[in-house]
There are 2 protein chains.
Amino acid sequence: MTDLRADPVAELANELRTAVGRASRRIRAERGAAGLSDPQFTVLAWLDVRGPMTPGQLAEAERIQPPSMTRTVNGLVELGLVRKDEHPSDGRQVVVSLTPAGAAEVRETRHRRDVWLTGLLAAMTEAERAQLAAAVTLLHRVAAS
Amino acid sequence: MTDLRADPVAELANELRTAVGRASRRIRAERGAAGLSDPQFTVLAWLDVRGPMTPGQLAEAERIQPPSMTRTVNGLVELGLVRKDEHPSDGRQVVVSLTPAGAAEVRETRHRRDVWLTGLLAAMTEAERAQLAAAVTLLHRVAAS
DNA sequence: TATTGTTATACTCTATAACTATA
DNA sequence: TATAGTTATAGAGTATAACAATA
């Protein structure tokens with residue numbers, strides 16, 4: 001990585017990529033007891049935050065292809081966690097929304113996943129937590145690029 | 001997420017988990033032209049950093065089960081990027097090491113992945129890059145916990 | 001014609017269980 | 001007996017290509 005060391009910005013890119021990858025894998029390793037997979041949970045989280053969405057919107061949000069989202073959504077339907085309804089004015093579209101069970105599940109799963117991370121953050125200093133909070137905004141910018 | 005809003009630390013955990021997950025997915029979406037998958041590249045990266053490792057060590061490093069790593073390593077062997085040799089003193093173990101082609105490939109792939117992120121970081125302010133650099137250390141601490 | 005979603009099919013990554021070889 | 005690795009098998013997630021329904 002000789003060329004990276006020559007450019008501080010490229011070196012930061014390398015370090016950030018590694019750190020984000022490692023942290024992401026570690027966080028995802030903390031699965032909820034409900035047994036929901038990461039993609040399944042993410043769909044519930046989107047619906048919880050943005051309300052009812054179409055499969056196409058969900059696929060775009062997760063940057064996956066529509067057929068993949070169809071599969072994930074259908075799995076959640078079978079679990080009774082989401083509902084598929086006809087779009088009121090466009091017969092081509094489908095509206096996916098949380099069922100009461102899905103709304104409860106997303107809250108519980110998110111809570112279980114956050115418990116571990118919350119405990120970790122609580123052990124940090126206030127200054128360190130502030131650094132991470134600042135990074136959150138920048139990481140979102142990275143993700144949106 | 002009523003309970004999260006009541007605790008600033010838990011709220012930060014929730015935001016950090018989301019931001020890290022999104023950034024990680026976005027970064028991984030930048031694949032090298034060589035077509036290596038993320039697990040394949042990660043194994044090459046481990047070998048590049050730590051030198052020869054056994055499949056068991058690689059599995060532990062990536063927090064996956066040994067059979068999964070066997071598959072990934074075998075794929076890399078077929079590509080001519082790593083080599084499997086007998087352990088000098090323990091006949092049960094196998095030593096996986098980079099071939100010259102693998103060493104070149106890991107450098108090139110890593111470089112291609114970093115190009116995109118470097119361009120993004122170059123567009124940020126120096127202060128923002130400093131924030132991310134500070135976060136790198138903390139993210140490593142998260143990953144190691 | 002263009003858009004939305006699904007079905008069909010295949011590939012990758014992962015896991016658990018059972019097996020082989022060696023310590 | 002315990003350990004390291006593999007093989008067998010299965011499940012989940014993703015993709016592309018082709019199709020159906022609707023705008």
Side-chain angles (χ1 to χ4, degrees), chain A residues 21 24-26 28-32 34-47 52-79 81-97 109, chain B residues 21-22 24-32 34-47 52-79 81-97 109:
Chain A
S24 175
R25 283 195 297 276
R26 181 63 188 88
R28 274 184 289 127
E30 291 294 318
R31 299 272 159 123
L36 282 188
S37 70
D38 200 64
Q40 285 175 323
F41 170 72
T42 306
V43 166
L44 295 186
W46 275 115
L47 297 174
M53 299 170 68
T54 68
Q57 289 173 324
L58 287 167
E60 185 182 3
E62 285 305 300
R63 296 172 178 271
I64 63 176
Q65 297 304 307
S68 302
M69 185 52 73
T70 291
R71 187 171 190 157
T72 297
V73 167
N74 286 345
L76 291 170
V77 169
E78 289 181 10
L79 292 171
L81 301 177
V82 304
R83 188 176 60 235
K84 291 166 79 172
D85 296 300
E86 295 177 1
H87 190 280
S89 62
D90 188 337
R92 299 171 302 182
Q93 297 188 43
V94 170
V95 178
V96 183
S97 55
T109 301
Chain B
R22 287 190 65 204
S24 176
R25 284 196 297 275
R26 182 64 188 88
I27 290 170
R28 274 183 288 127
E30 292 294 318
R31 299 275 159 121
L36 284 188
S37 69
D38 200 65
Q40 286 176 324
F41 171 72
T42 306
V43 166
L44 294 187
W46 275 116
L47 297 175
M53 298 170 69
T54 67
Q57 288 173 325
L58 287 167
E60 185 182 4
E62 285 306 299
R63 295 171 178 271
I64 65 176
Q65 296 303 308
S68 302
M69 186 52 72
T70 291
R71 185 169 193 161
T72 297
V73 168
N74 286 345
L76 291 170
V77 169
E78 290 181 9
L79 292 171
L81 301 177
V82 305
R83 186 177 62 235
K84 291 166 80 172
D85 296 299
E86 295 178 0
H87 191 280
S89 61
D90 188 338
R92 299 171 302 182
Q93 296 188 46
V94 171
V95 178
V96 183
S97 54
T109 301

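A note on names: the letters A, B, ... follow the listed sequences, proteins ahead of strands, and every chain is numbered from 1. Side chains are part of it too, since the values below use all heavy atoms of this structure and drop only hydrogens, waters and symmetry mates. Fair warning: this is a prediction, and the values are worked out from it, not measured in the lab.
- With a heavy-atom cut-off of 4.0 Å to chain B, the contacted part of DNA chain C has its first and last nucleotide at C:dC13 to C:dA23.
- Shortest non-hydrogen contact noted between B:Leu47 and B:Ser97 is CD1-C, 4.2 Å.
- The C1' atoms of five pairs define one axis at each end of the helix from C:dT1-D:dA23 to C:dA23-D:dT1, and these two axes lie 10° apart (to 10°).
- Residues A:His87 and A:Val95 meet the side-chain proximity criterion, which asks for heavy atoms closer than 4.5 Å.
- Rounded to the nearest 0.5 Å, atoms CG (A:Asn74) and CZ (A:Arg71) are 10.0 Å apart.
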Between the protein and nucleotides 11-16 of chain D, which nitrogen or oxygen pairs come in under 3.5 angstrom?
residue: D:dG13; atom: OP1; partner: A:Ser37; partner atom: OG; Å: 2.1
residue: D:dT14; atom: O4; partner: A:Arg71; partner atom: NH1; Å: 2.6
residue: D:dA15; atom: OP2; partner: A:Gln65; partner atom: N; Å: 2.6
residue: D:dA15; atom: OP2; partner: A:Ser68; partner atom: OG; Å: 3.2
residue: D:dA15; atom: N7; partner: A:Ser68; partner atom: OG; Å: 3.3

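- Atom OG1 of B:Thr72 is separated from atom CG of B:Leu76 by 7.0 Å, given to the nearest 0.5 angstrom.
- B:Arg92 meets the side-chain hydrogen bond (donor to acceptor under 3.5 Å, both in side chains) test with B:Asp90; sequence neighbours excluded.
- Listed by residue number, A:Ser89, A:Asp90, A:Gly91, A:Arg92 are the residues of residues 86-96 of chain A with a heavy-atom contact under 4.0 Å to DNA chain D.
- In terms of the salt bridge (Lys or Arg N to Asp or Glu O under 4.0 Å) criterion, residue partners of A:Arg83 (sequence neighbours excluded) are, by chain and number, A:Asp85.
- Taking both residues in full, the closest heavy atoms of A:Leu58 and A:Met53 are given as CD2-SD, 3.6 Å, listed atom of the first, atom of the second, then distance.
- Between A:Glu60 atom CD and A:Gln65 atom CD the span is 11.0 Å, to the nearest 0.5 Å.
- Between B:Leu36 and B:Leu79 the shortest side-chain heavy-atom distance falls below 4.5 Å.
- Between the side chains of B:Gln40 and B:Ser37, at least one donor N or O lies within less than 3.5 Å of an accepting N or O.
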(message) Show, in sequence, the C-alpha distance, side-chain angles and deciding distance for A:Val77 and A:Val82, and conclude whether the side-chain contact (heavy atoms from CB on, under 4.5 Å) test is met.
(response) CA-CA 5 Å; A:Val77 169; A:Val82 304; 3.6 Å; yes
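- In this structure, B:Val43 and B:Leu81 have side chains that are not in contact, with every pair of non-hydrogen atoms separated by 4.5 Å or more.
- For the pair B:Thr70 and D:dG5, the criterion of a side-chain N or O lying under 4.0 Å from OP1 or OP2 is not met.
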